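Reading through the structure tokens given below for one structure.
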Amino acid sequence: MTANGNQRPPGTDEPAVPDFADALNAFMSHREDPGMLQLLTPEGALVAPPDRTPGYDPELLRALYRDMVMARGFDTEATALQRQGELGLWPPLAGQEAAQVGSAHALRADDYVFPSYREHAVAWCRGVNPLDIIKLYRGVTNGGWDPRETNFHLYTLVVGSHALHATGYAMGLAKKGSDAAAIAYFGDGATSEGDVAEAFTFAAVHSAPVVFFCQNNQWAISEPVERQLRGPLYRRADGFGFPGVQVDGNDALAVHAVTRAALEHVRAGNGPFFIEASTYRMGAHTTSDDPTRYRRPAEVEHWRARDPIVRLRTHLSHADDTAPVFFEEVEEEARKLAHRIRHDTRILPHPHRLAVFDHVYAEGHAVVDEEREQFEEYHRSFADGETE
Amino acid sequence: MTANGNQRPPGTDEPAVPDFADALNAFMSHREDPGMLQLLTPEGALVAPPDRTPGYDPELLRALYRDMVMARGFDTEATALQRQGELGLWPPLAGQEAAQVGSAHALRADDYVFPSYREHAVAWCRGVNPLDIIKLYRGVTNGGWDPRETNFHLYTLVVGSHALHATGYAMGLAKKGSDAAAIAYFGDGATSEGDVAEAFTFAAVHSAPVVFFCQNNQWAISEPVERQLRGPLYRRADGFGFPGVQVDGNDALAVHAVTRAALEHVRAGNGPFFIEASTYRMGAHTTSDDPTRYRRPAEVEHWRARDPIVRLRTHLSHADDTAPVFFEEVEEEARKLAHRIRHDTRILPHPHRLAVFDHVYAEGHAVVDEEREQFEEYHRSFADGETE
Amino acid sequence: MPAERLTLARALNEALRTALEEDSSVLVMGEDVGTLGGVFRVTDGLQKDFGQDRVMDSPLAESGIVGTAIGLALVGYRPVVEIQFDGFVFPAYDQIVTQLAKLHARSHGTIRMPMVIRIPYGGGIGAVEHHSESPEALFAHVAGLKVVSPSNPTDAYWMLWQAIRSDDPVIFFEPKRRYWDTAEVDLSARPDPLHQARVVRPGTDLTLAGYGPTVQLCLEAAEAAVAEGKSLEVLDLRSVSPVDFDTVQRSVERTHRLVVVHEAPVFFGAGAEIAARVTTRCFYTLEAPVLRVGGYHAPYPAARLEKEFLPDLDRVLDAVDHSLAY
Amino acid sequence: MPAERLTLARALNEALRTALEEDSSVLVMGEDVGTLGGVFRVTDGLQKDFGQDRVMDSPLAESGIVGTAIGLALVGYRPVVEIQFDGFVFPAYDQIVTQLAKLHARSHGTIRMPMVIRIPYGGGIGAVEHHSESPEALFAHVAGLKVVSPSNPTDAYWMLWQAIRSDDPVIFFEPKRRYWDTAEVDLSARPDPLHQARVVRPGTDLTLAGYGPTVQLCLEAAEAAVAEGKSLEVLDLRSVSPVDFDTVQRSVERTHRLVVVHEAPVFFGAGAEIAARVTTRCFYTLEAPVLRVGGYHAPYPAARLEKEFLPDLDRVLDAVDHSLAY
Ligand SMILES: Cc1ncc(C[n+]2csc(CCOP(=O)(O)OP(=O)(O)O)c2C)c(N)n1
Ligand SMILES: Cc1ncc(C[n+]2csc(CCOP(=O)(O)OP(=O)(O)O)c2C)c(N)n1
Ligand SMILES: [Mg+2]
Ligand SMILES: [Mg+2]
């Protein structure tokens, strides 16, 4: 059992098969409009017969479904905790579960993930303890977990800056002769930041094994995607000399397939790969945000009908005859997770005040030492810890 | 006569004709390989017959030729002046005359130019006094000219940053309802900077009337273009949602035609346009540079055979029967210009020491005032100006 | 206009509104400043009233925002740029430091850069990382920029209005934890000059100098000190570049002691420059070294630790005691 | 290794070479550091000897260079990054300030950022704009970074070697106008701790403190002052973050007077922090305010004016006179 209470060690369910990318290409070339890749329709039906659907595997789909439900359970609970004043802030993920879980399941354990701040479902799949994410948004820490344990980096809040870290990391992997890959998650808005473009350039020039995974959730806070860029976004990569594809980000199966193909591509030394997963943030940008100020209910309704969890559930129950007990068990597991999180959040210890001075430097700094000393002295000056 | 002693007021020789872009398109679509646009071969022959060559006009070609020779004369003289210790630095332009003069002639007087630091030929065509550029590299000023007089902005040395200024300027032009355009000149290396990518995004989203003119001279100091990007470069624009083309940057006629079409495109409200002019810096990056450390003589020879001035001269003398006296007159003019520059450079006045404090702020600043006062007081303290 | 009770955020909104009305070259731009009215609602309703052409939502790219604003200024506009939070100004730092700050000097005065960059700054609101910083010293060191920060709704209104009318680039730091402070704002009173400090509470024993969010804290400290029989003078510096050293000097000549309070880390912070210069000016007058209360040389901590990091009443009074003990 | 006569630039080259030899995780990266060997030839020959995989020419994008170096550090490398000139570090400022400086603290110490950012800085070489600046204060204010600057070939060698071995990010400012200074460098002597200041010339009447390019100037001033019967002590601070205040304090306790000299503008410069802290530590010892000699609050001027802007012998001696007149 991993840190998050998740039975499955992260990312081991789908070892890369060398000809998967070929299968995906064959699938794409059979389609009339090779635009956005979709394997499951919003109604839960397969676009092609199972034997012509790359990576089709009901077991995998149930694993994806389970993690999507768990992630939503966690997310819903965290949102509630914020409303109750237990968290300072929460950026809800609801709506983006297929994009995150589908891609995360395509990763190997030794791949390294660079998330932004909303990748709770990816974190879950990697085995990060959800409570560690809670800690961050509760204001207990600016970090939360040891990235080396899960190869899931700390959240990065400065939009786009981690795309370069992923690129550098991937350059390093290649230098070391490893066939692991790096993946950077960022939003549609992030693609405007110069750092993302620079990451594209460096990754392309160095043929770095990095997948750029963009969740185009249609909004950067209040700005619709048309105000951020002139699309189509997935073509951005071509101008930097590497391939980019658009995938239905609410279709976990398609996301999984395309990410798996992308990872094969980059592992083979072909350089970076860009994925635009078209999805939707069903909730607010964060709990501080009021999306009714900038988007119409009809739009939200339109996307609610495309809920990625419903889609997969429909498919599993109709096309695959998954037994109802499976869904009940998953629901129950998610309820337990939410309960555990609620409980554990409330008893999270307050950080020690001296932690302000911890780890500013690895090898010390005279000014920090001096200030820490004065700080301690100052607090000692209050009799009997009256201000503790 | 304008400030640079150039008879022709800048940029008035070629009023935009609405269907020029169509003519260019027609030309392109008749070609087998619609890759790099070339109208004049390196041997000086027209690719298509004159009547099917967009914008073909011997008078224009002579005007281009004249300015190219003048610019090279100026550039050669400035390089010599630097070698003699009269300038601190000089970034030679030799080899890039066709790209610069061809594009500059397509501009209107009310268009606004944002150069980097090597656009001496564009400056010349805009009517900037060459001595003002000399001043900059002599270390007399960090500016040199009043951009409002020629709509030629100050040189920008921080690579790529002016691409955003051009975009903002163009956004402002559109806001004002003007049909003028902005053009930003930068190098192949500059395309790696985040600012250039951000400029592409802003320009595309705002449909700003700006032409991005990239002189791909194959090198960013010692780094060949393959170490900077994965090409082809002209396709960069497409990924940002606007057109980009590659033109033979040593073919002044083609550069002129494509820039004219690009300007029509942006003026019509279609948003930005990207031009990659493939050319070569025949000399050093700057006079501080030693290109023999990083490039092979064969490469330099290859490009020397593609000298843009020779190409145009060959065409004019063979295909157009331009009289030899024309070339002699132009040479003589260039010699005179060089002579004037050499003379005027040597007598350029030293700036006044108090200029250090000038124009730091438009509305003053107490610290500057205090420091200026102390500075004056300090200098007064030396008796009889002994340290003057 | 008669006096109105306004929050600091609302006063800023009114100042923007007034500037947009008075001068058609004024533009407002930034991330989410349009439909949303900004994450703090400082630009609320402006796009509705002045249109998308004058109140523009920008793509998510700070260098792009400032860089295009420079271009807009070149063609005659007066852009008022919003950076969403203090910690997100750094992608624009190059444009601010190498371009915006220098263009006037480089052009020998022919180009002006009448731009305001509004930055909500400082802590105390329990925010996540990068949302509570005080980077003013990083701008004050750069010649060509002016740096100011209002402490109350009235100053917020007038200082922003003045900053927008200024032909110099002004980095305008808004104390975000004071956004919801209310005060009677007299929109018809004539304001002080933008860079003039103000004695907000006279006193005789020691001078407390703050700006932005710490002025209120200094006032509370002065009030608390009364009980101990100490009379503290409080200065609202209002401007960090330039600093109104004349007013500070006059105050110190009266009180002989100075404590500077800001949220930014003390090391290389604004207090250092104030201490250095005031000590030079008042070397024989000062009866104690200029003391500084501020953040530590550490990254701004997680929200649950911020009260340890931020100057508070006790820390200010402690510094006052130290100073008076000399 | 025996002592060798080396220029400062060559000493840096030797330090890089030593580091590349000793530790296979050391990488050198930056614009033109490969084939060309850097515009100042500091990386000359390294790519030839250590290969393109360890000495990498980077695309022209400073944020990209530092950002990818962060990723390389995460995967176990020790990148030594070159920024071509002082004025071109600002596009990387965001990565340095919000990422590089904070990752160790954010990760509660589990991540280390053993990165060196080499920046040729300062004026005096008649360069064009953006090629002569001294932005060290803009880094020293940022917690998580260390900032050092050597003044001579021996320190250049040892300090760079130490900086590369440090597990903290070090901003390494190289005094470009001293690149061609030569000295006998003993590559086998044990170096002082990286952040320790050094008394390079003892004296009794006043302390002159400099770092990087101004140490030599301070020494010349001390020499010139002898003729006037003044004995000046000269400190080479060597480190700007942290500053070795203990050594400064001990010196000031002996001399009672301090003048700080740096090329950076005085306003909000390193001298301010030194003045503020030393005045607090030595309040009763100082017989004059700490005076500062440095650049003005103005953009670095065109080359033909730089001698007006830069501290020189006369200006240092003038400050000494002012201090001694108290
Ligand atoms: C450099 C930077 N600028 C601004 C912000 C404030 N901000 C946080 S999230 C966000 C929008 C991000 O949109 P997008 O990239 O589409 O991701 P999403 O939130 O939709 O997942 C903004 C503007 C930031 N965090 N970093
Ligand atoms: C931001 C920035 N980084 C580095 C430099 C140093 N530098 C000056 S020119 C140059 C190469 C530019 O190459 P390119 O853009 O191709 O233009 P070219 O010089 O070839 O015309 C470099 C690295 C700079 N001026 N600005
Ligand atoms: Mg989004
Ligand atoms: Mg080039």
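This structure is a prediction, so every number in the text was calculated from the model and none was measured.
- Side-chain contact of A:R148 with A:H153: a donor-acceptor pair under 3.5 Å is absent, judged by distance alone.
- Relative orientation of the D:H262 and D:Y211 rings is tilted, given thresholds of 30° and 60° on the angle between their planes.
- Only the backbone of D:L145 has a heavy atom closer than 4.5 Å to any heavy atom of chain A.
- Of the possible donor and acceptor atoms, one in the side chain of D:R78 sits under 3.5 Å from a partner among the backbone N and O of D:I164.
- Contacts between D:S241 and chain A at a heavy-atom distance below 4.5 Å involve backbone atoms as well as side-chain atoms.
- Aromatic ring pairs are classed by plane angle as parallel below 30°, tilted from 30° to 60° and perpendicular above 60°; the pair A:F212 and A:F200 is tilted.
- Neither the backbone nor the side chain of A:A166 comes within less than 4.5 Å of any heavy atom of chain D.
- At a 4.5 Å heavy-atom cutoff, the contact between D:T98 and chain A is made by side-chain atoms alone.
- Both the backbone and the side chain of D:H108 have a heavy atom closer than 4.5 Å to some heavy atom of chain A.
- Ring-plane geometry between A:W145 and A:F152 is classed as tilted, the angle between the planes lying from 30 to 60 degrees on a 0 to 90 degree scale.
- At a 4.5 Å heavy-atom cutoff, the contact between D:A143 and chain A is made by backbone and side-chain atoms alike.
- The part of D:D94 that comes within reach of chain A is its side chain, from C-beta onward, which places non-hydrogen atoms under 4.5 angstrom from that chain.
- Chosen from D:R277, D:K102, D:K146, D:M113, the residue pairing most often with chain A at heavy-atom distances under 4.5 Å is D:K146.
- Ring-plane geometry between A:Y155 and A:Y137 is classed as tilted, the angle between the planes lying from 30 to 60 degrees on a 0 to 90 degree scale.
- For the side-chain contact (heavy atoms from CB on, under 4.5 Å) criterion with D:V80, the lone passing option out of D:V55, D:L20, D:V26 is D:V26.
- Among the candidates A:L173, A:L136, A:D146, the residue making the largest number of heavy-atom pairs closer than 4.5 Å to chain D is A:D146.
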